[in-house]
S.K.: 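Handing you this structure, nothing more for now.
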Amino acid sequence: MLIRMRASATMGQTNAVLSCIEKSGCTARTVDLPYGRYIAGPGVGREAVAGLDGAAGVEWVRDGAGPALAALETNPDGTVVPLGDSLVGGETIAVMAGPCSVESGDQVLTCARFVAAYGATVLRGGAFKPRTSPYSFQGLGTEALKWLREAGRAVRLPVVSEILDPGDVEMSAGYVDCLQVGARSMQNFPLLRAAGRSGRPVLLKRGNSASIEELLLAAEYILLEGNPNVILCERGIRTFETATRNTLDLNAVPVLKGRTHLPVIVDPSHGTGRREAVAAMAKAAVAAGADGLMVEVHPDPQRALSDGDQSLTPAGFRQLMEAVRKIARAVGRKAPGEDASPFEKARRNSAARRGVGWGAAG
Ligand code: PEP
Ligand code: MN
């Protein structure tokens, strides 16, 4: 059950609604979001709130189970998520780029330098890796988060990294600007709640067998913690096709855009699993109306400890960014980084170019 309070509702009216629900033996809590005050009561039935429709301060009462806070009608202007000096959502295309896994301080700094120089707006890097096989590289944990943060600071980019365990959320939030909930964790509800409470923006990836409705309901868990900063990510779904790692469901972009106010980005790296397909699907995603991209890169993909086959080389990433800029403008969007002030752009550029090595790799 979800109740929306009127903008003019007083604290007294809100408390009256809460105590009316509690009297019927149910629990409910207040959720404050930029677009309004809500009272959420999981499992509270219509009978428990009979009479609250039309009560003082109450705008509406709803007992459906579908997405409500994430619904487009809730915030028709659209949510724009601030990540450091960058924005995700709104006019400008965001590009999150970096290695699948942070492998060393040098590796992530090298990646940071070239992705920043070529126009990425966010640096990504995995520290806690959700690997299909327990024998595969599992990520370097907290040490990797420290290197990621340092690399992000060196090139003045915000950083995003995946969390797997609710117990790591608070610690990770101390290092990153955005917490990523990966495809495999999309319905890990304690993790969604913990990420929601972290105070950090959350990048929520679609599970590889999850419907769009399920993705929106997973986002609803985060929003219900009073965290408005949720970014959705289409990253490919499992189909009968084996020629690619996943099938990138670009249908999801216009469908989500028609259903939610949350920014939608696309990950063509996991969506295809093949380096040679990444640029084409990245361009298609921007043309389809995505608000941004997440792309894996590596200075030497053949030596990558994870996802080398889908990682772009520095030269490949530079080409992709040139193409994305053109497509963004062609569809009436601003190219990545175009919203930054000239001063900020110059600082990023010189920070990215400081140090040697990034430009040489091909
Ligand atoms: C990742 O971004 O590194 C990742 C593991 O992605 P996904 O959760 O989409 O598989
Ligand atoms: Mn990966």
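Both ligands and their constituent atoms are indexed starting at 1 by order of listing. Heavy-atom basis, side chains included; hydrogens, waters and symmetry copies ignored.
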S.K.: Listing by chain and number, what protein N/O/S atoms are under 2.8 Å from the Mn ion (ligand 2)?
M.R.: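 Atoms qualifying: Cys100 SG, His270 NE2, Glu296 OE2, Asp307 OD2.
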S.K.: Among all protein heavy atoms, pick the one closest to atom 4 (C) of ligand 1 and tell me residue, atom and distance.
M.R.: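 Protein heavy atom with the smallest distance to atom 4 (C) of ligand 1: His270 NE2, 3.4 Å.
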S.K.: When you compare the side chains of Thr121 and Ser86, does any donor N or O come within less than 3.5 Å of an acceptor on the partner?
M.R.: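 No, no side-chain donor-acceptor contact under 3.5 Å.
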S.K.: For Ser101 and Ser306, which I'm curious about, is there any donor-acceptor pair between the side chains at under 3.5 Å?
M.R.: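 Yes, side-chain donor-acceptor contact under 3.5 Å.
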S.K.: Hey, which of Val230, Leu223, Leu69, Thr260 is the one that makes side chain to side chain contact (heavy atoms under 4.5 Å, CB included) with Leu216?
M.R.: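 One option only clears the test, and that one is Thr260.
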S.K.: For Gly182 and ligand 1, does the shortest N/O to N/O distance drop below 3.5 Å?
M.R.: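 No; the residue has no nitrogen or oxygen that sits under 3.5 Å from a nitrogen or oxygen of the ligand.
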S.K.: Is Ile237 isolated, or which residues cluster with it under the ILVMFWY side-chain rule of less than 4.5 Å, directly or via members?
M.R.: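 Members other than Ile237 - counting any ILVMFWY side chain reachable under 4.5 Å - there are none.
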S.K.: Among protein heavy atoms, which lies nearest atom 8 (O) of ligand 1, and at what distance?
M.R.: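 Result: Ala183 N, 2.7 Å.
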S.K.: With Asp307, which of Arg131, Arg274, Arg245, Arg275 fulfils salt bridge (charged side-chain N to carboxylate O under 4.0 Å, His left out)?
M.R.: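 The residue from Arg131, Arg274, Arg245, Arg275 that satisfies salt bridge (charged side-chain N to carboxylate O under 4.0 Å, His left out) with Asp307 turns out to be Arg245.
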S.K.: Side chains of residues 169-194: which donor-acceptor pairs under 3.5 Å do they make with residues two or more places apart or in other chains?
M.R.:
unit_1	atom_1	unit_2	atom_2	d
Ser172	OG	Asp168	O	2.8
Asp177	OD2	Val159	N	2.7
Asn188	OD1	Leu191	N	3.2

S.K.: I need the nearest protein heavy-atom contact for atom 6 (O) of ligand 1: residue, atom name and distance, please.
M.R.: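 Its nearest protein heavy-atom neighbour is Lys205 NZ, 2.9 Å.
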S.K.: So, taking the atom named CZ in Arg37 and the one named CD1 in Ile3, what distance separates them when rounded to the nearest 0.5 Å?
M.R.: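 So the CZ of Arg37 and the CD1 of Ile3 are separated by 13.0 Å.
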S.K.: Please name the pair of heavy atoms, one in Leu262 and one in Pro228, separated by the smallest distance, quoted to 0.1 Å.
M.R.: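 Of all heavy-atom pairs spanning Leu262 and Pro228, the closest is CD2-O, 4.2 Å.
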S.K.: Is there a heavy atom in Lys129 that sits closer than 4.0 Å to ligand 1?
M.R.: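 In this structure, Lys129 qualifies as a contact of ligand 1 - some heavy atom is under 4.0 Å.
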S.K.: Show which atoms of ligand 1 fall inside a sub-4.0 Å distance from at least one heavy-atom site of Glu296.
M.R.: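 Listed by number with element: 3 (O).
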S.K.: Output every pair passing salt bridge (Lys or Arg N to Asp or Glu O under 4.0 Å) with a member in residues 43-53, not counting sequence neighbours, ordered by first then second residue.
M.R.: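 As it turns out, the salt bridge (Lys or Arg N to Asp or Glu O under 4.0 Å) pairs with a partner in residues 43-53, which skip direct neighbours, are Arg46-Asp53, Arg46-Asp63.
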S.K.: Quick check: does Arg235 get an N/O under 3.5 Å from an N/O on ligand 1?
M.R.: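 Yes - when backbone and side-chain N and O of Arg235 are compared with those of ligand 1, one distance drops under 3.5 Å.
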S.K.: Compute the shortest N/O to N/O distance between Glu162 and ligand 1 and return yes if it is under 3.5 Å, no if not.
M.R.: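 N/O-N/O distance under 3.5 Å: no.
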S.K.: Which heavy atom of Ile231 sits nearest a heavy atom of Met96, and at what distance?
M.R.: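 Where Ile231 meets Met96 most closely, the heavy atoms are CD1-CE, 4.1 Å.
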